[in-house]
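Not measured: the values here are computed from a predicted model.
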Amino acid sequence: MKITDLKLKPKVQIFLDENVGLYIDGNYVPARSGTMFDVINPATEEVIAKVSEAQAEDIDIAVAAADRSHLIYTTS
């Protein structure tokens, strides 16, 4: 069997087909800019997913969410 004969497990393929966004504050959200990029399977050179491309604004939102999370868990 060649590496190019391998297929993704169905659950993995379903997950990748959903055009996964950025995981921020417990949810998958699209990048504010709407920019996506292709994830390429190096064995077959096929596009296996499209994912959101974070920009500075997305990073600021993610950092703010992490700060809020830290406050919740350190004051409990």
Side-chain angles (χ1 to χ4, degrees):
M1 174 186 283
K2 298 184 294 184
I3 191 78
T4 54
D5 294 334
L6 298 176
K7 299 292 181 204
L8 295 173
K9 292 184 178 185
K11 286 184 179 182
V12 173
Q13 189 62 60
I14 290 167
F15 179 80
L16 293 175
D17 287 343
E18 291 178 357
N19 293 329
V20 177
L22 306 168
Y23 193 72
I24 299 176
D25 207 13
N27 298 297
Y28 286 103
V29 296
R32 294 287 186 158
S33 67
T35 305
M36 306 279 285
F37 68 91
D38 294 339
V39 177
I40 309 290
N41 177 340
T44 63
E45 298 184 355
E46 289 179 271
V47 174
I48 59 171
K50 291 186 177 290
V51 295
S52 292
E53 183 176 324
Q55 304 295 322
E57 183 180 8
D58 301 300
I59 295 166
D60 291 342
I61 293 167
V63 169
D67 283 344
R68 283 191 310 279
S69 170
H70 180 262
L71 291 175
I72 291 168
Y73 290 107
T74 58
T75 59
S76 298

**Student:** How would you list all residue pairs meeting salt bridge (charged side-chain N to carboxylate O under 4.0 Å, His left out) that involve residues 35-50, not counting sequence neighbours?
**Tutor:** Asp38-Lys50
**Student:** Tell me every residue that passes side chain to side chain donor-acceptor pair (under 3.5 Å) with Asp17, counting only those two or more places apart in sequence or in another chain.
**Tutor:**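 Side chain to side chain donor-acceptor pair (under 3.5 Å) list for Asp17, sorted by chain: Gln13.
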**Student:** Indicate the atoms forming the closest heavy-atom contact of Ser52 with Pro30, along with that distance.
**Tutor:** OG-CA, 3.6 Å
**Student:** CG of Leu22 to CG of Asn27: how many Å apart, nearest 0.5 Å?
**Tutor:** 11.5 Å
**Student:** Who pairs with Gln55 by side chain to side chain donor-acceptor pair (under 3.5 Å), at least two apart in sequence or on another chain?
**Tutor:**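 Residues passing side chain to side chain donor-acceptor pair (under 3.5 Å) with Gln55: Glu53.
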**Student:** Mind jotting down which residue pairs meet the salt bridge (charged side-chain N to carboxylate O under 4.0 Å, His left out) criterion with at least one end in residues 24-37? Sequence neighbours excluded, please.
**Tutor:**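 Of all non-adjacent pairs touching residues 24-37, those that pass salt bridge (charged side-chain N to carboxylate O under 4.0 Å, His left out) are Asp25-Arg68.
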**Student:** Shortest non-hydrogen contact from Thr35 to Ala31?
**Tutor:** O-CB, 4.0 Å
**Student:** Using side chain to side chain donor-acceptor pair (under 3.5 Å) as the criterion, list what pairs up with Glu57, not counting sequence neighbours.
**Tutor:**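 By the side chain to side chain donor-acceptor pair (under 3.5 Å) rule, Glu57 matches no residue at all.
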**Student:** Transitive ILVMFWY cluster of Phe15 at side-chain heavy atoms under 4.5 Å: who else is in it?
**Tutor:**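 Leu8, Val12, Leu16, Val20, Tyr23, Tyr28, Phe37, Val39, Ile48, Val51, which link up through side-chain heavy atoms under 4.5 Å apart, make up the rest of the cluster.
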